[in-house]
Amino acid sequence: MCGQRSRGSSRGGRRHCRRPGIRTSFQEREGNQEGAGEGFRRVFAQGNRNNDSWGEGGIMRYSQLFLPTGREIPSDAEVVSHQLMIRAGMIRKLTSGVYSYLPLGYRVIQKVENIIREEMNRAGAQEVYMPMVQPRELWEESGRWQHYGKELLRFRDRHERDCCLGPTHEEVITDLVRNEIRTYRQLPKNFYQIQTKFRDEIRPRFGVMRCREFGMKDAYSFDMNEAGVDESYRKMYDAYTRIFERCGLTFRAVEADTGSIGGSFSHEFMVIADTGEDALVFCTLCEYAANLEKAEIARPEKEDTSQGEHLPVEAVHTPGMKSIDEVCGFLNMKPEDIVKMIIYSADGVPVAVLVRGDVEINEVKVKNFLGCDLLEKADEEMIYRVTEAPRGYAGAVGINVKIIADYSLLGMSNFVTGANREDYHLINVNVGRDFAVETYADLRFVRDTDCCPRCKGALKFARGIEVGHVFKLGTKYSKTMKATYLDRNGQERFMEMGCYGIGIGRTVAAAIEQHYDENGIVWPVAIAPFQVIITPVNVNDHRIAEISETLYASLLHRGVDTLLDDRDERAGVKFKDADLIGIPLRVTVGQKSLVNGVLEVKMRKTGEVRKMPQEELEHMIVSFIHEGM
RNA sequence: CGGGGCGUAGCGCAGCCCGGUAGCGCGCCUGCUUUGGGAGCAGGAUGUCGGAGGUUCAAAUCCUCCCGCCCCGACCA
């Protein structure tokens, strides 16, 4: 992609798709306006290709539009949004995780982009456009050449220089800013771009929802101090809220892990959907909401580890019993009586993590607690080195590595663990007497029986699609890359940074996940590719054709994005297509309505049909759209 | 990267087990009729059966290797 996509500021969600080449190529390919029926040809005696200027909105006649809809559900599409985007002629796959947007799909993308632009500009951010190909040196400076992993697509140019495709742009923007901004007088600043990113996902799936090449809006703020970055963060948080509200999404901002971007804290904007890849937790009483991998568990108040009598340790023969369930069944115990120990390799160093047998270790928490770059479950060899036993019989007694324990161990006594010996477990083990725990921490996943870490209220779970993520970065990048400025006192200081992303294609897919029915997509007005579709029931009827044309011209004149279905198709086909592509309003022009001198309009969302004279209809449409924006 | 599945016309699929030179539905083209929820009739076009080797008189079908795609897992925006 070159950097030449047409853009620019705009008002009122109007898109920019001035593509003069298209008309010509379509004429050449399709010759004489096939599709447009006899009536239309008469009404436009000269044919619209000679006289009609498509104007700002581009092609808005169905007969000319490249809109290949499909009846069949594509066999490789699993989620609804993916199926519908293909059936509605929005996208086509080029290769795994890489998609082309067709005209209808790209119109929706542009609608979303323009909403984002308006809100970013309103929040004081400035649009820039940065390179996709980036040099290795920059990534070595931030340390991410080593730490980003295989998701960073690397390659060599003809001079054998290492490069990568930008998965995100902290390095580039920090480099730009450190070279240009010297003084506090130039701060704060917030730069954003809408640009293609590449992340070499291990497993792309769900169409445009989790793909490798995707459009993203990313913004980066630079402030003098912490109060400044907090303010920038809040502005972006508010802007994101407005953006997703305007897109018609039901969403929730949740506390999140910062992952490979880093920083001190972050919020993800989650569109609530059962097909979402992320699990969310939120409190039913207070405002607390978090990604499951981040959701905290308060340290228990009573920490009595010495309750009851400590019985003598015994080794019991447990042949072949490796899993918690097997051991429970064999010893006739509950998982709550067992302590599960998992050995991890933290940057290559073995660490033992203990949790109660009935709970699940949250590796993100473990990784953050240890502060390591790479955390993985230990392989058989490392397990043997630590426990001198095969996998399945690990226990904390007698091992010589760092031992950390989840809060769930507090209060446990006389529990079961592996014996570090094949086919044996220990019973009546006790912390303190039999082994020492270095630290207790919150290391497990929240469950529905847990309560809110803030207010003790009950928790609820949901699934969500992450469409946006805001990070308070602090000085992570400004320190490693030396982005400094001089303050009032001539003191050199590190800039405080934040970064803020929105996945554009994913937002579109998420909108579909939330707005569809058995007939197809049901676009929210603000991001619909067209706001109104005019459906002449019979294109060969002069009166119908004429009225449709008049209405079409008039709506365009009023600034309504109108698609005229001038194809010589049966009404049923047109209705099905209109429903599938999800246009919010459909005006039907046919004998039934014309008899009474009224036109009828059908709401895609509710199915409600209203009939009224043309003038009134136009007003109704304009105010309907206005409300929906 | 591990496990599973699939690759046959533009799309969705059958045929493969049991080898004999490819079929169905939708779509597409032509004509006539039809025209308010994916029309009917008649005629027609379209395939290196993912690729390369091998077995065989003969391979979509059996064998080997390779490629691509999808799902589950591991991993992670």
Side-chain angles (χ1 to χ4, degrees), chain A residues 34-35 37-39 68-79 82-83 86-87 89 92-98 144 147-153 166-168 197-207 209-214 216 218 256-262 266 268-270 276-278 291 293 363-364 367 373-377 379 464-469 471 499 501-503 505-506 518-520 535-541 544 565 567-581 586-595 599-600 602 607 609 611:
Chain A
E34 308 168 52
E38 197 52 41
T69 57
R71 195 197 306 238
E72 316 255 13
I73 297 171
S75 62
D76 57 355
E78 229 205 341
V79 296
H82 188 193
Q83 294 171 355
I86 289 170
R87 288 188 53 209
R92 288 293 184 265
K93 181 169 66 186
L94 178 61
T95 183
S96 180
V98 179
R144 291 207 289 186
H147 299 315
Y148 207 95
K150 287 194 179 165
E151 230 175 87
L152 183 65
L153 183 66
T168 172
K197 303 282 191 252
F198 194 95
R199 296 181 185 174
D200 200 358
E201 288 285 338
I202 240 163
R203 186 146 88 84
R205 61 189 125 170
F206 304 148
M209 201 116 96
R210 185 176 205 75
C211 49
R212 299 191 297 167
E213 184 175 313
F214 59 99
M216 181 173 176
D218 47 325
D257 185 62
T258 55
S260 57
I261 304 288
S266 75
E268 289 168 330
F269 285 77
M270 292 286 188
E277 289 191 85
D278 288 279
N291 191 309
E293 64 182 21
E363 294 184 3
V364 171
K367 183 175 179 218
D373 285 320
L374 182 63
L375 182 82
E376 37 188 12
K377 287 201 176 73
D379 55 23
I465 300 163
E466 181 197 352
V467 291
H469 201 159
F471 298 81
C499 75
I502 292 178
R506 194 182 274 188
E518 66 280 4
N519 293 312
T535 307
V537 157
N538 183 350
V539 113
N540 298 312
D541 179 308
I544 290 176
D565 192 349
R567 294 176 300 166
D568 187 6
E569 287 286 354
R570 298 169 64 85
V573 172
K574 295 183 176 194
F575 293 153
K576 288 288 181 189
D577 277 332
D579 286 349
L580 177 62
I581 65 176
R586 188 188 81 208
V587 180
T588 313
V589 185
Q591 299 296 354
K592 280 188 190 172
S593 49
L594 290 184
V595 174
L599 292 168
E600 65 181 82
K602 182 169 186 176
V609 177
K611 299 186 180 186

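What's counted below: heavy atoms across the whole structure, side chains too, no hydrogens, waters or symmetry copies.
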Checklist line | Nearest-0.5 Å distance that lies between atom OG1 in A:T168 and atom OH in A:Y148 | finding: 6.0 Å

Margin query: Side chain of A:R205, heavy atoms from C-beta onward: which of B:rG68, B:rC70, B:rC75 has the nearest atom to it?
Written below: B:rC75

Item checked: Proximity to the side chain of A:S75 - top-ranked nucleotide from B:rG36, B:rC13, B:rC75 -> B:rC13

Note to self: With rounding to the closest Å, how many angstrom separate the C1' atoms on B:rC67 and B:rU33?
What the structure shows: 50 Å

Note to self: Work out how far the P atom of B:rG15 is from that of B:rG23, and round it to whole angstrom.
What the structure shows: 16 Å

Notebook entry, point to check: Touch check for A:K93, heavy atoms < 4.0 angstrom, all strands: base, sugar-phosphate only, or nothing?
Noted result: sugar-phosphate

Note to self: Can you give me the closest heavy-atom contact between A:L580 and A:G70, atom names plus distance?
What the structure shows: CD2-O, 3.9 Å

Note to self: Would you say A:N538 and A:Q591 are linked by a side-chain donor-acceptor pair, where the criterion is simply a distance under 3.5 Å?
What the structure shows: no

Check: Any salt bridge between A:K367 and A:D257, counting N to O under 4.0 Å?
Finding: no

Notebook entry, point to check: How would you label the contact of A:T168 with the nucleic acid (heavy atoms, under 4.0 Å): base, sugar-phosphate, or nothing?
Noted result: nothing

Next item on the list: Using the C1' atom on both, measure B:rA60 against B:rG19 and round to a whole Å.
Entry: 10 Å

Checklist line | Gap between atom CZ of A:R87 and atom CD1 of A:I73 - 0.5 Å precision | finding: 6.0 Å

Next item on the list: Determine the Euclidean distance between corresponding P atoms of B:rG5 and B:rU64; express it in Å to zero decimal places.
Entry: 14 Å

Note to self: Need one value for A:Y148: base, sugar-phosphate or nothing, where a base atom within 4.0 Å counts as base even if backbone is also close, heavy atoms only.
What the structure shows: sugar-phosphate

Distances for protein N or O near nucleotides 23-26 of chain B N or O, under 3.5 Å:
| residue | atom | partner | partner atom | Å |
| --- | --- | --- | --- | --- |
| B:rG25 | N2 | A:E72 | OE2 | 2.8 |
| B:rC26 | O3' | A:R71 | NH2 | 3.4 |

Note to self: Test your reading of the model: is there a side-chain donor-acceptor pair from A:R506 to the backbone of A:I465, 3.5 Å cut-off?
What the structure shows: no

Check: Taking the C1' atom of each, how far is B:rG27 from B:rG36, in whole Å?
Finding: 24 Å

Notebook entry, point to check: Whom does B:rC18 pair with, Watson-Crick or G-U wobble, provided both distances fall under 3.5 Å?
Noted result: none

Notebook entry, point to check: B:rG68 phosphate, OP1 or OP2: any side-chain N/O from A:S96 under 4.0 angstrom?
Noted result: no

Checklist line | hbond_proxy A:R203 side chain to B:rC1 base (donor-acceptor, 3.5 Å cutoff) | finding: no

Margin query: Distance alone, cut at 3.5 Å: any donor-acceptor contact between the side chains of A:T535 and A:D565?
Written below: no

At a cut-off of 3.5 Å, list every protein nitrogen or oxygen paired with a nitrogen or oxygen from nucleotides 32-35 of chain B, distance to 0.1 Å.
| residue | atom | partner | partner atom | Å |
| --- | --- | --- | --- | --- |
| B:rU34 | O2 | A:R570 | NH1 | 2.7 |

Check: What nucleotide, of B:rG68, B:rG38, B:rA74, holds the atom closest to the side chain of A:L580?
Finding: B:rG38

Next item on the list: Determine which nucleotide pairs with B:rG10, using a 3.5 Å limit on both distances of a Watson-Crick or G-U wobble pair.
Entry: B:rC26

Check: Base, sugar-phosphate alone, or nothing: which one does A:R212 contact when heavy atoms must sit under 4.0 Å apart?
Finding: nothing

Check: Over how many whole Å does the gap from A:E201 atom CD to B:rC76 atom P extend?
Finding: 11 Å

Next item on the list: Under 4.0 Å between any heavy atoms, over every strand shown, what does A:Q591 touch: base, sugar-phosphate, or nothing? Just pick one.
Entry: base

Check: Is it true that A:E78 and A:R205 have a side-chain N and a carboxylate O under 4.0 angstrom from each other?
Finding: no

Notebook entry, point to check: Who does B:rC41 pair with, Watson-Crick or G-U, both distances under 3.5 Å?
Noted result: B:rG31

Next item on the list: Nearest whole angstrom, please: distance from the C1' of B:rG36 to the CG of A:L599.
Entry: 14 Å

Next item on the list: Determine the contact category for A:E293: base if any of its heavy atoms lies under 4.0 Å from a base atom, sugar-phosphate if only primed atoms, P, OP1 or OP2 are that close, otherwise nothing.
Entry: nothing

Checklist line | B:rC76 and B:rG7, which share atom name P, separated by this distance in whole Å | finding: 34 Å

Check: Within this structure, what is the CZ-to-P distance between A:R567 and B:rA39, rounded to whole angstrom?
Finding: 12 Å

Margin query: Given B:rC70, B:rG38, B:rC76, identify the nucleotide with an atom nearest to the side chain of A:V573.
Written below: B:rG38

Check: Thinking salt bridges, do A:E363 and A:K377 make one under a 4.0 Å N-O criterion?
Finding: yes

Checklist line | Pair A:V467-A:M270, side-chain contact (heavy atoms from CB on, under 4.5 Å): steps then yes or no | finding: CA-CA 6 Å; A:V467 291; A:M270 292 286 188; over 6 Å; no

Note to self: Taking only the C1' atom of each, what is the distance from B:rC66 to B:rU30 in whole angstrom?
What the structure shows: 44 Å

Next item on the list: Flag this pair as yes if the NZ/CZ of A:R212 is under 6.0 angstrom from the six-membered ring centre of A:F198 and inside a 45 degree cone about the axis; otherwise no.
Entry: no

Notebook entry, point to check: Could a donor-acceptor pair under 3.5 angstrom be found where the side chain of A:N519 meets the base of B:rG37?
Noted result: no

Next item on the list: Would you mind reading off the distance between A:E277 atom CD and B:rC75 atom P, rounded to a whole angstrom?
Entry: 15 Å

Check: If the C1' atom of B:rC6 is compared with that of B:rA14, how far apart are they to the nearest Å?
Finding: 15 Å

Margin query: Under 4.0 Å, counting only non-hydrogen atoms across every strand here, what does A:R586 touch: a base, just sugar-phosphate, or nothing?
Written below: base

Check: Separation of A:E376 atom CD from B:rC1 atom C1', in whole Å?
Finding: 12 Å

Item checked: Watson-Crick or G-U counterpart of B:rG73, or none if no pair lies under 3.5 Å -> B:rC1

Notebook entry, point to check: Atom NZ of A:K377 and atom P of B:rG2: how far apart are they, to the nearest Å?
Noted result: 18 Å

Item checked: Value in whole Å for how far the C1' atom of B:rC76 lies from NZ of A:K197 -> 18 Å

Notebook entry, point to check: Between A:T588 and A:F206, who's closer to the 5' end of RNA chain B by nearest nucleotide?
Noted result: A:T588

Note to self: Considering every strand and a 4.0 Å limit on heavy-atom distances, what is the contact class for A:D257: base, sugar-phosphate, or nothing?
What the structure shows: nothing

Check: Does any N or O donor sit under 3.5 Å from an N or O acceptor when you compare the side chain of A:K602 with the base of B:rG36?
Finding: no

Next item on the list: Return no unless some side-chain N or O of A:K150 is found under 4.0 Å from OP1 or OP2 of B:rC1.
Entry: no

Margin query: Any strand counts, and the cut-off is 3.5 Å on both contacts for Watson-Crick or G-U wobble. Which nucleotide pairs with B:rA60?
Written below: none

Next item on the list: Answer yes or no: is there a side-chain heavy-atom contact under 4.5 Å between A:R210 and A:E201?
Entry: yes

Notebook entry, point to check: Can a salt bridge be assigned to the pair A:K197 and A:E213 using a cut-off of 4.0 Å between side-chain N and carboxylate O?
Noted result: no

Note to self: Whole angstroms only, please: what is the CD-P distance between A:E518 and B:rG38?
What the structure shows: 15 Å

Checklist line | Residue whose nearest RNA chain B nucleotide is more 5′ - A:R210 or A:T69 | finding: A:T69

